[in-house]
Number of protein chains: 2
Amino acid sequence: MAESRTNPLPSPEDAPPPGPDRRPAARRGAGGGKKTKRTSIRQIAQLAGVSVATVSMVLNNNPKITEATRRKVNRVISDVGYRPNRLAQSLSGQYTRVLAVLMPTLRHAVADPYFGELISGICDRAAKRGHKVMLEHAKPEFIKQNQHLELFERRFVDGVFCIGFNDKHPFLTDIHQRDFPMIAVNNVFPDWGLDHVVCDYRSGAEQVMTYLRQLGHRKIGLIYGSLDAYTARTIVDVYRQRMHDAGVEADDTWMIDGHFTEEHGADAARRLLEHHPDLTAIFAGNDKMALGSMHYITHQGKAVPGDVSIVGFDDIPHTAFVTPALTTVHTPLYELGVLAADRLIERIRGKARKIADVLPTHLVLRESTSLAARD
Amino acid sequence: MAESRTNPLPSPEDAPPPGPDRRPAARRGAGGGKKTKRTSIRQIAQLAGVSVATVSMVLNNNPKITEATRRKVNRVISDVGYRPNRLAQSLSGQYTRVLAVLMPTLRHAVADPYFGELISGICDRAAKRGHKVMLEHAKPEFIKQNQHLELFERRFVDGVFCIGFNDKHPFLTDIHQRDFPMIAVNNVFPDWGLDHVVCDYRSGAEQVMTYLRQLGHRKIGLIYGSLDAYTARTIVDVYRQRMHDAGVEADDTWMIDGHFTEEHGADAARRLLEHHPDLTAIFAGNDKMALGSMHYITHQGKAVPGDVSIVGFDDIPHTAFVTPALTTVHTPLYELGVLAADRLIERIRGKARKIADVLPTHLVLRESTSLAARD
DNA sequence: ACATAGAGGTGAACTAGTTTACCATGTTAG
DNA sequence: CTAACATGGTAAACTAGTTCACCTCTATGT
């Protein structure tokens, strides 16, 4: 492909073919033929015998227009089936009514129920409030070409949701510094002061640790997701504190990074049990890692929860249908998406207050936890 | 909210507040203040000492422009950090370079790995080819208000991907009849003649049935997803044919609708075993139903695959991490999304040939299947 | 030497809306 | 009875690009 261009402006396929311009003959745009012309506001004005401005005001429910005129114009509009061109509306107006969901490059990210639930909530609420939602993967080249800024500068969108990012993604501050509407969903960036909505990870983690202690567990391993994300660190903090309270100083051999995936979760479980064969419980920072570790442990011939109890985090839909069903912390991801959409739209409308909302979480008891066999 | 309006045209929030127009004071649009004005092509033209037309041609890599002029203009463009307004480009141009993914209203649909994989592939390839992707849920009111047609008529998008629909969704023909670019992804509509790309369900089902027969299974139950979808019917066809070949006339007690969900899959397994306690294998039309039935069966105290073998369909990511890991048919959903994006973009560019591509599937052997205990 | 073709660039018209400044009326207050 | 004001509507300017018809050179062919 023609990737050898240096001018970063037009998208890869904007370049016309070499030689004289030979776009499709059926060109209907500027100056071209008048055959397949769409109906425009000027036609409606003419047919209704009013000015273009009047039609526009009818379209926008401007109270300046009399009921009689309004009816007359609406008559014509529905007769010819006219629909205002959204591009023109956005061009002259202040808003595009399009929002973007920006997410990391993790291949198949949308396929992850975690992201999926968030996006579901975002889309549903945005649609209800008359907004469209675009999906963007923040691949390295996407950032390098400043496409995250172009989203605003070229007027693609009015605002962005950021999901799945952490402290290793400083480009988020580019957007924030330019004061473009942005909201971090289920991530917190205390150093950068980004607006955010988030689930209560602290409380969720506290509930897990309290519950495991109640079941008599003292030797609890932790599989965390990442130390670059504030929410993930929160879980580590709570874990370490509670282990300390229980008289166990949890060093690095008790806490292993599982990178949020099943594969690494399984591997983390292996390493955990290598160091601590007498472990009676594992707390994983998300469900996928919990499922991965459960898979490893049962394949080692150990019983869950008979030998090792396992607790996850997130409560993604299918955790109820594995065997044993997973005990986990329910995070209201769909509702969080809904809330994020509401907040971002408010922000775009100019309400400038700082956004930092927290949604409660709760422990869901299922089959993967039981009393500690012994201490 | 102001839901009492009868004019269906503007979206719910387009109505200005009652009383005289009082939009935000910082209005920067038409006729308003000139303070925060974005740089436009006219400024660039003036700074570079050329005409607006020339700048436009530089932007579009039109070969009519000399290298010298091109450099001069690009100089100015990068000096002032100019980015062409995409709305204006799309308005006067022929394309918006935006595509929509239309999917059914199933709450949390994006959270389903099946849809997620397809969307992942679509987004990645579309982005690579310079297109943006929007998500749309085809809720009943969405269709009733003809928003699926507005997508084109109001120039939101150049084309749509349809995923997860079936014969009960006749509105798809609205789009097709108007000749708007559309492609059905992993669904086939022989009666309506829609363009489509699809995985090879027939071959996948054949492989499953052959394999189960090789293991000695004769009493095989089927949990299908829906009889309204052609691909799902294909599985039923193959199943019935192969059962017939094996000497079993599979009536309705052998085939139960599992509605593509874990819950109904579990229930279907229950009913299947009620009618046929000596069943040795279950073939499910997707992985979620397979997982649901596996959950039910193990909770009944039966062993998988010891007592009952289970086979799924789709190979969604986490099927490898349940216990026992699921034997299933791999459908290349991500790759199908990629292909769909390529085909839809070609179609938009005017290549009018009929699209009906099939991607191969293959059986993935894991732990949920074994030799039939007895016949 | 002169017509012609082509290259490179330009002004104006076009895409389709929104908003403002202004202009007739009609109504009310003094 | 007239000045002041409110109402309803309009023309034109504005959003920011693309493209076409045309113009001016220069190079070439005869």
Side-chain angles (χ1 to χ4, degrees), chain A residues 9-10 14 16 20-23 27-34 36-46 48-70 72-73 82-96 153-155, chain B residues 9-10 14 16 20-23 27-34 36-46 48-70 72-73 82-96 153-155:
Chain A
L9 285 177
D14 278 348
D21 193 323
R22 45 181 167 80
R23 294 161 134 270
R27 168 92 179 112
R28 54 139 281 286
K34 275 114 198 168
T36 51
K37 202 168 176 168
R38 279 188 181 84
T39 68
S40 78
I41 198 170
R42 276 159 239 268
Q43 266 118 65
I44 301 300
Q46 206 178 352
V50 296
S51 75
V52 167
T54 303
V55 179
S56 174
M57 286 166 144
V58 169
L59 249 24
N60 292 287
N61 271 49
N62 188 311
K64 208 175 170 181
I65 304 296
T66 1
E67 208 30 55
T69 310
R70 185 183 307 282
K72 181 171 63 177
V73 173
Y82 164 74
R83 305 275 152 192
N85 181 323
R86 194 51 170 289
L87 293 170
Q89 290 185 313
S90 298
L91 178 61
S92 58
Q94 195 171 186
Y95 307 117
T96 65
E153 288 167 353
R154 303 189 61 188
R155 303 214 51 205
Chain B
L9 284 177
D14 279 349
D21 193 321
R22 47 180 167 80
R23 295 160 134 271
R27 169 93 180 111
R28 53 139 282 285
K34 274 113 198 168
T36 51
K37 202 169 178 168
R38 280 188 180 83
T39 69
S40 79
I41 197 170
R42 275 159 239 269
Q43 266 116 65
I44 302 300
Q46 206 179 350
V50 297
S51 75
V52 167
T54 303
V55 179
S56 175
M57 287 166 144
V58 170
L59 249 24
N60 291 287
N61 270 51
N62 188 311
K64 209 175 169 181
I65 304 297
T66 0
E67 212 24 60
T69 310
R70 184 183 306 283
K72 182 171 63 178
V73 173
Y82 164 74
R83 306 273 152 193
N85 181 322
R86 195 42 139 6
L87 293 170
Q89 290 184 314
S90 297
L91 178 60
S92 58
Q94 196 171 184
Y95 307 117
T96 65
E153 289 168 352
R154 304 189 59 188
R155 303 216 49 205

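Letters go in sequence order (proteins before strands), and every chain restarts at 1. Not measured: the values here are computed from a predicted model.
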Q: Between B/Arg154 (CZ) and C/dA16 (C1'), how many Å, whole number?
A: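 Going from CZ in B/Arg154 over to C1' in C/dA16 covers 12 Å.
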Q: Nearest-nucleotide wise, let me know which of A/Asn85 and B/Thr69 is further upstream toward the 5' end of DNA chain C.
A: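 The residue closer to the strand's 5' end, by nearest nucleotide, is B/Thr69.
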Q: Any side-chain N or O of A/Gln89 under 4.0 Å from OP1/OP2 of C/dT18?
A: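 For C/dT18, OP1 or OP2 has a side-chain N or O of A/Gln89 closer than 4.0 Å.
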Q: Check whether any side-chain nitrogen or oxygen of A/Thr66 sits under 4.0 Å from OP1 or OP2 of D/dG9, and answer yes or no.
A: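 Checking D/dG9 against A/Thr66, a side-chain N or O does come within under 4.0 Å of OP1 or OP2.
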Q: So B/Leu87, base contact, sugar-phosphate only, or nothing? Heavy-atom distance under 4.0 Å.
A: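 The answer is nothing, as B/Leu87 stays clear of every strand by at least 4.0 Å.
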Q: Among the candidates C/dT18, D/dA16, D/dG9, find the nucleotide nearest to the side-chain atoms of A/Val52.
A: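 Taking heavy atoms from C-beta onward, the closest nucleotide is C/dT18.
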Q: So which nucleotide from D/dG8, D/dC20, D/dC22 ends up closest to the side chain of A/Lys64?
A: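 Looking only at heavy atoms from C-beta outward on A/Lys64, the closest nucleotide is D/dG8.
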Q: Is there a side-chain contact between B/Leu59 and B/Tyr82 in this structure, where contact means two heavy atoms from C-beta onward sitting under 4.5 Å apart?
A: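 In contact.
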Q: When we call it a touch if two heavy atoms are under 4.0 Å apart, what does A/Val55 touch: a base, just sugar-phosphate, or nothing?
A: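 Answer is nothing: A/Val55 stays at 4.0 Å or more from every strand.
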Q: Looking only at the side chain of B/Met57 (C-beta and beyond, no hydrogens), which of the listed nucleotides D/dG17, C/dT10, D/dT10 gets closest?
A: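 That would be C/dT10.
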Q: Nearest-Å distance, CD (B/Gln43) to P (D/dA16)?
A: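 One finds 8 Å between P of D/dA16 and CD of B/Gln43, rounded.
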Q: Rounded to whole Å, please give me the gap between CZ in A/Arg83 and P in C/dA16.
A: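 A/Arg83 atom CZ is separated from C/dA16 atom P by 16 Å.
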Q: Do the non-hydrogen side-chain atoms of B/Val58 and B/Ile44 ever get within less than 4.5 Å of each other?
A: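 The answer is no; the side chains never approach within 4.5 Å.
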Q: Atom CD of A/Glu153 and atom C1' of D/dT15: how far apart are they, to the nearest Å?
A: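 Checked: the CD to C1' distance equals 18 Å.
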Q: By nearest atom, which of the nucleotides D/dT10, C/dG8, C/dA16 is closest to the B/Leu91 side chain?
A: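 Closest of the options to the side chain of B/Leu91: C/dA16.
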Q: Less than 4.0 angstrom between a side-chain N/O of B/Ser92 and OP1 or OP2 of C/dC14, yes or no?
A: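 Result: no.
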Q: When you measure from the side-chain N and O atoms of A/Ser56 to the phosphate of C/dG17, is any distance below 4.0 Å, counting only OP1 and OP2?
A: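 It does not, given that no N or O in the side chain of A/Ser56 lies less than 4.0 Å from OP1 or OP2 of C/dG17.
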Q: Are any of B/Asn60's side-chain N or O atoms less than 4.0 Å away from OP1 or OP2 of D/dT18?
A: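 For D/dT18, OP1/OP2 do have a side-chain N/O of B/Asn60 under 4.0 Å.
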Q: If you only use heavy atoms from C-beta on, which nucleotide in D/dT18, C/dT10, D/dA12 is closest to the side chain of B/Leu59?
A: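 Closest of the options to the side chain of B/Leu59: D/dT18.
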Q: Given D/dT15, is OP1 or OP2 found less than 4.0 Å from the side-chain N or O atoms of A/Tyr95?
A: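 No, because none of the side-chain N or O atoms of A/Tyr95 sits under 4.0 Å from OP1 or OP2 of D/dT15.
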Q: Has the side chain of A/Arg42 got a donor or acceptor that lies under 3.5 Å from a partner of the other kind on the base of C/dG17?
A: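 Such a pair is found, so the answer is yes.
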